Every structure is written in structure tokens, then in C-alpha cells.
Number of protein chains: 2
Amino acid sequence: MSEKRGNIPRIQDVAKMANVSTATVSRVLSFPDRVSEATREVVLQAIEKTGYTINHSARNLRKGGTGAILVLLPNLANSFFSRVLKGIEAVASGYGFNILIADSQFPPIDEATFGNLFNTNRIDGAIILDGNIPRSYFKRATRQKPQLVFACEWISDCAVTTFHIDNLAGAVMATDHLVGLGHRKIGHVTGPTNNILSQHRLAGFEQSLKKHNLPCPRDWKITGDFTIESGVKAARHWLALPKDNRPTALFCASDEMAFGLISELHQNAVKVPDDLSIIGFDDVEFAAHSIPALTTIHQPRRRIGEAAARALIHKIRDAEAPMPPQPVFELELVLRASTAPLPLC
Amino acid sequence: MSEKRGNIPRIQDVAKMANVSTATVSRVLSFPDRVSEATREVVLQAIEKTGYTINHSARNLRKGGTGAILVLLPNLANSFFSRVLKGIEAVASGYGFNILIADSQFPPIDEATFGNLFNTNRIDGAIILDGNIPRSYFKRATRQKPQLVFACEWISDCAVTTFHIDNLAGAVMATDHLVGLGHRKIGHVTGPTNNILSQHRLAGFEQSLKKHNLPCPRDWKITGDFTIESGVKAARHWLALPKDNRPTALFCASDEMAFGLISELHQNAVKVPDDLSIIGFDDVEFAAHSIPALTTIHQPRRRIGEAAARALIHKIRDAEAPMPPQPVFELELVLRASTAPLPLC
DNA sequence: TTGTACGCGTTATCAT
DNA sequence: ATGATAACGCGTACAA
């Protein structure tokens with residue numbers, strides 16, 4: 001009860017109560033092994049009694065770190081990312097790191113804001129889930145750069161560790177599925193053109209079609225941007241196509257777009273999957289409960305977040321140490337009700 | 001270019017370059033007014049040239065704060081909360097605060113973890129979005145308690161500022177809507193029994209029925225827990241009710257439950273709204289694009305988050321200052337396709 | 001194994 | 001208006 005200073009207990013108070021030096025208390029906290037059983041016991045009790053907890057500002061100042069990591073994601077309101085974030089949060093908080101969150105797309109982040117965030121004086125490292133941050137942002141940032149890891153998305157030709165699924169393979173799986181159902185006219189609703197995921201998924205789509213000797217006119221590749229709204233627009237695009245020559249199946253680069261698409265088609269009395277088969281990508285929560293339930297490609301969002309966080313913390317602790325091998329994230333085709341065999345007639 | 005120490009520029013480097021003392025540099029940063037126009041100019045240039053950025057650990061240590069706020073939410077993977085979080089993030093980062101995120105329900109937070117988080121040595125304040133944190137957790141926490149604000153949910157009889165909509169009024173709006181459509185047999189799918197929101201929404205539901213002299217048998221109040229899965233279960237409950245005496249309309253305490261409900265009904269060939277009208281609560285993203293589009297009560301999630309964050313920061317800056325008046329969050333009945341007039345036959 | 005003493009980078013206080 | 005300097009609380013050489 002005899003602490004100084006507004007009664008918030010400091011390491012000194014513990015030291016006094018335990019009749020040891022502050023150094024010993026510190027050691028008990030950081031390297032319990034370097035302290036004798038007996039004194040450790042006493043110190044631990046004193047900590048308990050005083051209610052002492054470490055002052056992170058002081059520790060970080062002393063150690064030259066911040067104890068914080070930045071998570072930069074395109075859109076916090078998107079449930080896909082919040083799942084990844086959950087994985088990150090779980091491991092980061094386990095290691096005692098704070099999380100700094102920032103949106104990069106809504107609204108778009110400018111260079112000044114980015115520089116302000118991506119700064120050794122604020123964070124020890126960053127997990128970036130947006131592959132469209134301009135390269136120049138990184139170059140101009142402070143000379144001393146925090147550790148960096150990409151997740152889900154990434155910047156090509158950039159020697160930075162990244163954690164993501166094999167998007168091309170996933171797109172092949174999805175397209176193969178449609179082909180397997182007998183569809184011959186297959187279209188694709190893409191993500192934003194400049195997005196790396198869009199590009200890989202488009203490539204997978206094209207690779208599958210080529211493998212099966214199937215054509216894909218320009219008109220059947222509809223540009224979207226991953227959002228529900230762009231799915232709605234894609235539906236209008238499809239509706240405007242000539243009835244005798246339009247896709248009987250569509251591969252959407254995101255579940256969200258598939259939802260928008262199906263919803264708008266429904267407004268126009270087009271039945272999924274009877275009139276048109278639709279497959280999505282991601283397997284968000286809602287895919288299992290939409291009407292019709294959405295066939296899609298599942299990716300382990302949470303595990304990706306966890307892996308990225310673990311790797312980043314590893315880097316922060318020892319920048320030189322070799323990275324542990326990157327896990328392979330398994331993909332899974334989840335069969336539900338939005339795809340069906342091509343009617344024979 | 002002549003900084004010491006691993007070339008990360010410190011306030012001293014700026015001071016030297018500008019030929020002033022460190023104190024002056026500090027003042028330029030914190031109280032520009034207390035410095036002459038001329039020197040301010042020089043210092044600003046020096047800051048620019050050196051690429052100096054503030055060291056938050058040092059500042060926080062000196063100031064006796066942490067620069068971080070905790071956001072404790074029931075489930076990060078729930079899109080309702082991620083929207084609120086977005087509002088919080090926007091204002092917190094604007095004021096230079098870091099955000100510490102933690103899940104309180106998945107998995108349930110234990111007292112030790114909570115105490116570890118809710119600690120003046122780690123955070124300056126907390127925004128709690130979970131009304132089911134046991135009171136004892138707060139009592140036992142460190143004597144020095146961080147500032148606290150509730151949002152969305154809250155603990156009753158607790159003299160803590162909270163930001164939330166009028167849930168009872170919202171429930172009345174929803175139920176009145178069903179009554180207005182001619183429904184006389186109206187049921188309710190509740191949230192978890194111990195949840196404050198569930199209780200208020202249930203109260204609103206009952207109040208509206210009473211006002212209209214409508215009965216509500218026990219069987220028509222179905223206990224859920226806000227999740228999609230509990231909506232599915234509610235559907236099975238409804239299906240098991242006698243066909244000649246079951247609700248023709250259902251008010252769901254969350255959109256998620258409404259989705260699960262509709263999805264499961266669809267599996268069983270029950271048509272919404274033809275066979276059963278359904279209204280939700282929250283107006284999450286997806287409500288506008290589900291099939292059928294969901295009639296629901298809209299609440300301004302992002303604004304709630306912003307208001308809570310602003311209030312908390314206000315408290316942190318000056319604990320004694322009177323709180324600004326709490327904004328009134330407007331509710332809105334959003335009419336879509338999941339509710340319809342009771343058929344006359 | 002333990003204690004002493006200094007420094008981490010900043011800001012508040014007190015001078016000037 | 002500006003400068004010198006003493007804290008802030010902790011970790012870690014180094015000495016004992």
C-alpha cells in the first residue's frame with residue numbers, strides 16, 4: 001500500500017517489498033531462469049501483492065520497439081478481411097503485441113497517411129492485405145523501415161514474404177467444376193483489373209478453358225471489383241447479352257459479387273441454377289445460407305491471418321533468422337446449390 | 001545525415017540542425033503558438049530534412065499514457081461489429097491512438113485475460129461492445145482503471161457512458177410494421193436471454209403487441225442467439241408448430257437470424273413472404289441483396305462507433321470534464337421484400 | 001546469483 | 001521566446 005505516484009505500482013515498489021533490487025525483479029519477469037528459485041518466489045509474491053504490471057511504454061522505449069503491429073486492409077467492413085484479422089489478432093495478442101488497424105481503400109490511403117503509419121517509431125512491423133499500395137509509398141517511407149509481411153494480396157516482384165492461397169489453382173478448380181457439369185459456355189466476373197488476385201483468378205479461368213478447348217469471347221469476361229454492387233452490374237451485363245449466345249455458367253471472383261449477381265437476376269426472373277449456374281470464391285459465412293446456397297471455393301482465412309502474424313513476429317524478434325517454411329493453404333471446392341448440370345435440351 | 005544511433009533521427013538531431021534546444025523542437029510539435037514564427041519555420045524545415053518522427057514510446061512514458069485504446073467486441077468475425085469498429089478506427093487514428101482489439105466471446109474471455117488487457121499500463125481507455133462481461137471482472141481489475149465507454153451493448157445499472165440506439169423503439173417499429181400489414185399472429189425470434197439487447201427488443205415486441213391487443217403464446221417466442229445457425233433452428237421450431245395456429249409473421253432480433261431462418265424455410269418449401277413475413281434488425285450489408293431482400297430496422301453502426309470513440313478520447317484527455325451530449329441515433333424502417341400483407345383468405 | 005548505475009527520447013519546469 | 005535539465009519506468013552492462 002505504500003507505492004508512490006498516484007499509487008500505480010512500479011518495479012521499485014516490488015523490489016522494496018521483496019527486498020531485492022529492481023534488476024532482479026526485471027529478471028524474474030524476463031528471464032526467470034537466471035534467478036534462484038527462492039528469490040523468484042518472493043518476487044512473484046510481491047508482484048501479486050502490489051498488483052504490479054509492466055509499463056509497456058517504458059519497456060518499449062528501453063528496448064527500442066513499439067510493441068505494435070500495423071494491419072492494413074482494403075476494407076474493414078468486408079467480412080472476408082475481418083476473418084483474417086481475427087487470426088492475426090489471436091496470435092498477436094498472444095505475443096503481447098498491440099494492433100494498429102487502418103483501411104487502405106475506403107477511403108483510399110494517401111502517401112502522407114501511409115508514411116505516418118508505416119514508421120518504425122510507431123510500429124515494429126506491418127501486415128499488409130492490400131496489393132495495390134503504390135510501390136512509391138514504400139520507397140519514400142522513413143529510411144528505417146518496419147518489418148513487413150503480405151497476406152492474401154501482395155505486390156508482384158517484391159521480395160517480401162507473403163501468405164496466400166494458390167489463386168490460380170482455385171480458379172482452375174472452380175472452372176473445371178463448371179465444365180464437369182457439362183457447361184460449354186462459361187463466363188467470368190473478375191475483380192478489379194489492377195488487383196493481383198483478379199489477375200491470378202482470371203489466369204486460372206483461362207487456363208481451365210484452354211485445357212478443355214473452350215472459347216471465351218471478350219463479352220463473357222465481365223469486369224467487377226469484388227463488391228456486391230459490381231455483381232449487380234454484372235447481372236445487367238449478362239441480361240443484355242443475346243439470349244442464344246450467352247454463358248450458361250459464370251465463375252465469380254468473389255462470393256460478394258455472386259450474391260449481387262444472383263440477387264439482381266432474381267429481380268429479373270432468372271433462376272439460379274436452372275437458367276444459369278454460378279460459382280463464387282472465398283466461402284464467406286453467408287455462402288452456406290444464401291438462396292440458393294452458393295457453390296464456391298473455400299479458403300482458410302483465419303489460418304492465413306495466423307500464419308502471417310506468426311511470421312511477422314518472428315521477423316520482428318530476429319530480422320536475420322531464416323523464415324520458417326510457409327504453410328500450404330488448402331483449397332476446397334464446396335458444392336452447394338448454385339451450380340447444376342447443363343440441361344440436355 | 002549525421003544522426004547517431006542506427007541513423008534513426010531523434011529530437012536532438014533536429015535541434016542541432018535548427019540550432020535550437022530540444023525543448024523548442026518539442027514545443028513546435030506540441031504548442032506551435034508558443035514559438036516565434038521564425039524559429040518555428042526553421043525547426044519545421046529541420047524536421048523535414050532529417051525525416052524526424054516522434055517516438056511514441058518516449059512520449060507516452062513521459063506523459064504517463066499509452067496512446068492505445070482497447071476495443072472489446074463479442075465477435076470480430078461478425079460484420080455488424082466490424083462496421084462499428086470501422087467508425088472507431090477512423091476517429092481513434094485521427095487522434096493518434098492505437099487500437100487494441102480483442103474478442104470476448106469466441107472464445108469467451110476469462111478474467112485473467114481481461115485483467116491483462118484492461119489495465120492502465122497497457123491502455124488509456126476501452127470501448128466495450130459486450131454487455132455480458134461479468135461485473136466482477138471490472139471490480140477485480142487493477143485499482144487504476146482505464147477510462148471506459150460502452151457501445152451498442154452495455155451493462156445495466158452501471159454508471160458508464162454508453163452509445164446505443166433505442167432498441168425498444170426499434171422493436172416497436174418492427175412489430176408495428178407487421179401489425180400494419182394486417183398480421184395478427186406474430187412471433188419473435190430473440191437474441192440470447194442474458195443479453196441486454198435481446199431484452200429490450202423483446203420488451204418492444206411485447207409492448208407493441210399489447211398496444212394492439214394481440215396475444216403472443218410462449219411458443220411463438222423463439223429463443224435464438226443472434227447467429228445464422230440459431231435462425232436455422234428457429235425455422236425448425238416454427239415448422240413444428242401446428243399449421244393452423246402458428247405465426248404468420250416473425251420479428252427477428254438480428255438480420256443474421258433472419259437469413260438463417262429464411263434459408264432453412266426455403267429448404268422446406270416455405271415461401272417468404274407469401275407463407276410467412278419476416279423482419280430483421282440491424283440492416284447489415286447483405287440485407288439489401290438477400291433473396292428475398294430483407295425488411296429490417298437500420299441502425300447507424302459506423303456513427304455509433306465514431307461517437308463512442310470521440311467520447312472516450314474526450315474522457316481520456318480530461319476525465320473530469322463534462323461529457324458532451326450523447327447524440328441520438330436515428331432508426332429507420334427499411335421496407336424490402338421479406339414482409340407482405342396478410343393474405344385475405 | 002544479485003546489485004549499481006546509466007541511458008532510452010521526450011516533455012514539463014524553471015530559469016533566463 | 002527560448003534553453004538547461006530533471007524526471008518518466010524499465011532493462012542491461014558491468015561489477016561484486
Side-chain angles (χ1 to χ4, degrees), chain A residues 3-16 18-44 46-47 50-67 96 119-122 124 142 144, chain B residues 3-44 46-47 50-67 96 119-122 124 142 144 317:
Chain A
E3 305 92 357
K4 283 198 317 190
R5 286 262 145 236
N7 104 24
I8 213 176
R10 301 165 303 148
I11 204 169
Q12 269 214 23
D13 302 314
V14 178
K16 265 181 206 147
N19 266 320
V20 296
S21 74
T22 60
T24 302
V25 178
S26 172
R27 276 186 289 252
V28 167
L29 260 23
S30 300
F31 313 95
D33 306 345
R34 297 190 198 164
V35 154
S36 79
E37 171 86 38
T39 50
R40 187 168 55 221
E41 214 45 53
V42 178
V43 169
L44 252 18
I47 288 179
T50 53
Y52 168 80
T53 56
I54 224 165
N55 178 318
H56 290 83
S57 302
R59 165 180 273 187
N60 289 333
L61 173 58
R62 182 62 237 255
K63 290 203 151 186
T66 67
N119 176 327
T120 302
N121 264 337
R122 200 181 272 281
D124 294 334
T142 347
Q144 283 293 322
Chain B
E3 305 93 356
K4 281 201 317 190
R5 285 255 149 241
N7 103 25
I8 208 174
R10 301 165 304 147
I11 204 170
Q12 269 213 23
D13 302 314
V14 178
K16 265 181 206 146
M17 178 173 294
N19 265 320
V20 295
S21 74
T22 60
T24 301
V25 178
S26 173
R27 274 186 292 250
V28 168
L29 259 23
S30 300
F31 313 95
D33 305 346
R34 299 190 197 164
V35 154
S36 79
E37 172 86 38
T39 49
R40 189 168 54 221
E41 214 44 56
V42 179
V43 170
L44 252 19
I47 288 178
T50 53
Y52 167 80
T53 57
I54 225 166
N55 179 318
H56 290 84
S57 301
R59 164 180 275 188
N60 289 334
L61 173 59
R62 183 61 238 248
K63 291 202 156 185
T66 67
N119 177 328
T120 302
N121 264 335
R122 199 180 273 282
D124 294 335
T142 345
Q144 283 293 322
R317 294 230 170 128

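Worth knowing before you read on, the calculation uses all heavy atoms, side chains too, and leaves out hydrogens, waters and symmetry mates. Predicted model only: the values in this text are computed from it and were never measured.
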A:Thr66 side chain to A:Arg122 backbone, donor-acceptor under 3.5 Å: yes
Residue B:Ile11, side-chain heavy atoms: nucleotide from C:dT10, D:dG3, D:dT12 that is nearest: C:dT10
Interatomic distance, B:Arg34 CZ vs D:dG3 C1' [rounded to whole Å]: 15 Å
Flag for B:Asp13-B:Thr50: side-chain donor and acceptor within less than 3.5 Å: no
Between D:dG9 (C1') and A:Leu29 (CG): distance, integer Å: 13 Å
Closest nucleotide among C:dT11, C:dT10, C:dT2 to the B:Ser30 side chain: C:dT11
Out of C:dT2, D:dA1, C:dA12, whichever nucleotide has its closest atom nearest the side chain of A:Ser36: C:dT2
Whole-Å gap separating C1' (C:dG9) and NE2 (A:His56): 19 Å
Validation row: B:Ile8, A:Thr120 side chains within 4.5 angstrom (heavy atoms): yes
Minimum side-chain heavy-atom gap B:Val43-B:Val20 below 4.5 Å: yes
Donor-acceptor pair (no angle test) under 3.5 Å: B:Arg27 side chain, D:dG3 base: yes
For atom CD of B:Gln12 and atom P of D:dA4, their distance in whole Å: 11 Å
Atom-to-atom span, CD1 of A:Ile8 to C1' of D:dC8 - whole angstrom: 12 Å
Contact under 4.0 Å: B:Arg59 side-chain N or O vs C:dT11 OP1/OP2: yes
Touch class at under 4.0 angstrom, heavy-atom based, for A:Leu61 against every strand present: base
Nearest-Å distance for atom pair CG/P, residues B:Asn19 and D:dA1: 20 Å
Spacing between B:Asn55 atom CG and C:dC8 atom P, to the nearest angstrom: 12 Å
Per A:Ser21 side chain, nearest of listed nucleotides C:dG3, D:dG3, C:dT11: C:dG3
Closest-nucleotide 5' rank along DNA chain C - winner of A:Thr22 and A:Thr39: A:Thr39
Nearest-Å distance for atom pair CZ/P, residues B:Arg10 and C:dT10: 8 Å
Touch class at under 4.0 angstrom, heavy-atom based, for A:Ser26 against every strand present: base
Any A:Asn121 side-chain heavy atom under 4.5 Å of B:Ile54 side chain: no
Of the listed nucleotides D:dG3, D:dT2, D:dG11, the one nearest the side chain of A:Arg62: D:dG11
Residue B:Ala58, side-chain heavy atoms: nucleotide from D:dA4, D:dG9, C:dG9 that is nearest: C:dG9
